[in-house]
Amino acid sequence: MTRGDEPDRGQSQTGRETVEPPDWFVEQANVTDPAVYDRFEREWPDCWREAAELLDWETPFKTVLRGTDGPPFEWFPGGRLNAAYNCIDRHLPERKNQLALVWEGHLGESRTYTYLELYREVNAFAAALRDHGVSPDDVVTLYLPMVPELPVAMLACARLGVPHNVVFAGFSADALATRMERAESKYLITCDGYYRRGSAVAQKNKADNARIAVDHDVSVVVLDRLGRDVHLGEDYDDYHDLLSAHEGAEVEPVSRAADDPLFRIYTSGTTGQPKAVTHTTGGYLAHVAWTARSVLDIKPEDTYWCSADIGWITGHSYIVYGPLALGTTTVLYNGTADHPKKDQLWELIEKYAVDVFYTAPTAVRAFMKWGAEYPNKHDLSSLRLLGTVGEPMDASAWEWYREHIGGGECPIVDTWWQTETGAVLVSTLPGVDEMKPGAAGTPLPGIEASVVDRSGAAAEPNSAGELVVTRPWPGMPRALLDGTDWGSVPESAEQWRYYPEDSVSVDDDGYITFLGRIDDAINVAGRRFSTKELESTVAGVTGVAEAAVVGADDETTGTAVYAFASPEDGYTESELRAAIEDAIVNAIGGIARPKKIVFTPDLPKTRSGKVMRRLLTAVANDEELGDTSALRNPEILGEIQSTTRRK
Ligand code: WTA
């Protein structure tokens, strides 16, 4: 079949439509041999040598996995390497003049870095950090929007063997302070401000407030992004001054053990506090490089674009480390999909002839709503593969994405993974497997996972259960390697388990459909928030007696935040509404702003006083409430329902 022919479609055993990858794609794909699954199974854990061999090791590892009998696990023990060397230096002989980064900023502003230019800037900045006294015992916090200086700073840290701690630029001063405090991070790199939807937003004042809130001293580097005169004051350094002072400097990449930390990132955990996830240098980099190659089918000569923000794990793994480890050109976009026009993304795909595009289902649902006229205006024929991550992708969004962005013929990979897993664990291999719109795929080669019911027994095909990962994987984080945390069972290899807390169903062919979180995380537009963290923020507002927060279905963002609050006497709803919004913006950031705040004299409670969130979710979704006999105050529900509908 050549490009342009109708794809082969069929029915799987279970009735769900299947779509074959087209021949033209398979002919050029990085991985095309279906035997890869059996081979990885037969040779596990040695199969993962193939991933490690995508990297250059300064000292070869002795074995692939230590700890096959159970944790502590160690991937590639004895091996030493440097991540920045792997993402930059080793590509220089072959492609120093090839683009490494392509950046699109505010209103047509753009900048590119060849691998050689990236090498120079990373070295200069690494030299500046070293002269500041930054050492591998430190953690450097990066609080930057999507500007090239963010990957430059990440790679400068990696070059020095210093873990970075990227905090999403949209997070509040409080959220930044908590993350710096917990990481004991004494270095902060930020900017004066940046552009969002055409207007300048301030960043440095949030950084200043965080610096005051943190107990220890913090030294700050500020990148001038807005081109205005910012008074930096004492203990501030200017990014560009540092670069020019170190121009031409070269810093030896610092050799790191495979399991030394590469970075730390915080995500929403099951407690009210952000959860620190530390990823390793060797195992993580091998896993992201292998999946970038096998799942995203990235080639060095590609122009590849992942539209996530580097502030989240997706950007770490699949904007920075994976693509650069493979020596490709990675696109960075500091903008939104609909500003100033609704065809921003399509214009960029055409402009740069992007080969592989990776985004979130939320974005696809928004594109659908805006209509096909926007992509139709552009030549998107450079695209070869599309990907999604972050949330379940329903079949209709899948079809639309394929039809209108993929020209009816690009394969789509629906990739499942988490901050904790570091890299993709469940997906199809686009050059091997048939696709099923709506289902992500099977566990990748070398990954063992199954679906269990509540009792822990294997779930029946096509009924809902919980995903459990039953073997370690190279991209696993420190806490799981140590076997100390996060629901892993440490006794033996057979018993070791990792529960990602995702609800799923699996079909007769082993394809997994993701249904949502089973813990109290809310996934808004592919971003994870903790219900507890939101709830304690709302409950902490003066005048709020009690609060509950739930996630409810939303056409665009997948899930939206609904806050239910009961006011104390003497407070008006309008003042409380403003105070609750402010509290959330201050504690987390505008991205977690509730879609609805509903005031009610009481929350639905069981006789023992437990708030029944299930009922509040049903109210928010305007669904049947089902059995309410366990409630002490069932009469309150009618009132909450009518207030929720009204607002
Ligand atoms: C959800 C983002 C369905 C899931 C990389 C997971 C998905 C959480 C998918 C992790 C997918 C991620 N289909 N759901 N393809 N990918 N998720 O840590 O609930 O921000 O547990 O990592 O997003 O979110 P996190």
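Reckoned from all heavy atoms, side chains included, excluding hydrogens, waters and symmetry mates. On a predicted model such as this, the values are computed, not experimentally measured, just so you know.
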[Y] and [X], any side-chain heavy atoms less than 4.5 Å apart:
X    : Y    : answer
F263 : V166 : no
L144 : R225 : no
N209 : K206 : no
V468 : S450 : yes
L155 : L324 : yes
M146 : I319 : yes
D208 : K204 : yes
P594 : I584 : yes

[X] versus [Y], closest heavy-atom pair with distance:
X    : Y    : answer
A579 : V541 : CB-CG1, 3.7 Å
P45  : V64  : O-CG1, 3.1 Å
W44  : G446 : NE1-O, 3.2 Å
G441 : T428 : CA-CG2, 4.1 Å
A539 : A547 : N-CB, 3.9 Å
A440 : V426 : CB-CG1, 4.2 Å

Check your understanding: Do any pairs count as a salt bridge (charged side-chain N to carboxylate O under 4.0 Å, His left out) and have a residue in residues 147-156, sequence neighbours left out, and if so which ones?
Key -> R111-E149
Point to revise | Pairwise salt bridge (charged side-chain N to carboxylate O under 4.0 Å, His left out) hits with a residue in residues 152-178, at least two apart | key: D89-R159
In this structure, are over 12 heavy atoms from other groups packed under 6.0 Å from [X] atom [atom1]?
X    : atom1 : answer
E184 : CD    : no
K605 : NZ    : yes
R196 : CZ    : no

Practice item. Output, in order, the C-alpha distance, side-chain angles, deciding distance and verdict of side chain to side chain contact (heavy atoms under 4.5 Å, CB included) for T442 and Y511. Key: CA-CA 5 Å; T442 63; Y511 276 55; 3.8 Å; yes
Taking [Y]'s backbone N and O only, do any of them form a donor-acceptor pair with [X]'s side chain (distance below 3.5 Å, no angle check)?
X    : Y    : value
S536 : E533 : yes
H279 : T421 : no
R66  : E74  : no
R264 : A276 : no
N523 : G390 : yes
R478 : D259 : yes
S185 : V139 : yes
N621 : D553 : yes
S172 : N586 : yes
T190 : Y143 : yes

If I take atom [atom1] from residue [X] and atom [atom2] from residue [Y], how far apart are they, to the nearest 0.5 angstrom?
X    : Y    : atom1 : atom2 : answer
L467 : Q418 : CG    : CD    : 8.5 Å
T470 : Y498 : OG1   : OH    : 13.5 Å
L65  : W48  : CG    : CH2   : 11.5 Å
L142 : C157 : CG    : SG    : 5.5 Å
M476 : H287 : CE    : NE2   : 11.0 Å
E535 : E546 : CD    : CD    : 9.5 Å

Point to revise | Cationic N near anionic O, under 4.0 Å, E555 to R365 | key: no
Practice item. Could you tell me whether R528 and E420 have a side-chain N and a carboxylate O separated by less than 4.0 Å? Key: yes
**Study point:** Test log, rule side-chain hydrogen bond (donor to acceptor under 3.5 Å, both in side chains), inputs Y358 and T415
**Key:** CA-CA 10 Å; Y358 191 31; T415 65; 2.6 Å; yes
**Study point:** I591 vs F168, side chain to side chain contact (heavy atoms under 4.5 Å, CB included): CA-CA, chis, key distance, verdict
**Key:** CA-CA 11 Å; I591 42 168; F168 174 62; 3.5 Å; yes
Practice item. Show the numbers, then the answer: is there a side-chain hydrogen bond (donor to acceptor under 3.5 Å, both in side chains) between Y284 and S317? Key: CA-CA 9 Å; Y284 168 83; S317 300; 2.7 Å; yes
Review point. Hey, what's the ring geometry for H164 with H316, parallel, tilted or perpendicular (30° and 60° as the breaks)?
Key: tilted
Practice item. Determine, using ring centers only, whether W417 and Y318 are less than 6.0 Å apart. Key: yes
Check your understanding: Between W290 and F40, is the gap from one ring center to the other below 6.0 Å?
Key -> yes
Review point. Of the options D309, V389, T359, which is the one that meets T314 in a side chain to side chain contact (heavy atoms under 4.5 Å, CB included)?
Key: V389
**Study point:** Check against side chain to side chain contact (heavy atoms under 4.5 Å, CB included), V598 and V619
**Key:** CA-CA 11 Å; V598 179; V619 169; over 6 Å; no
Review point. Any cation-pi pair here, R179 with F171, using under 6.0 Å and within 45°?
Key: yes
Exercise for review: Check the pair L425 / W473 against side chain to side chain contact (heavy atoms under 4.5 Å, CB included), numbers first and verdict last.
Suggested key: CA-CA 9 Å; L425 296 195; W473 65 95; 3.7 Å; yes
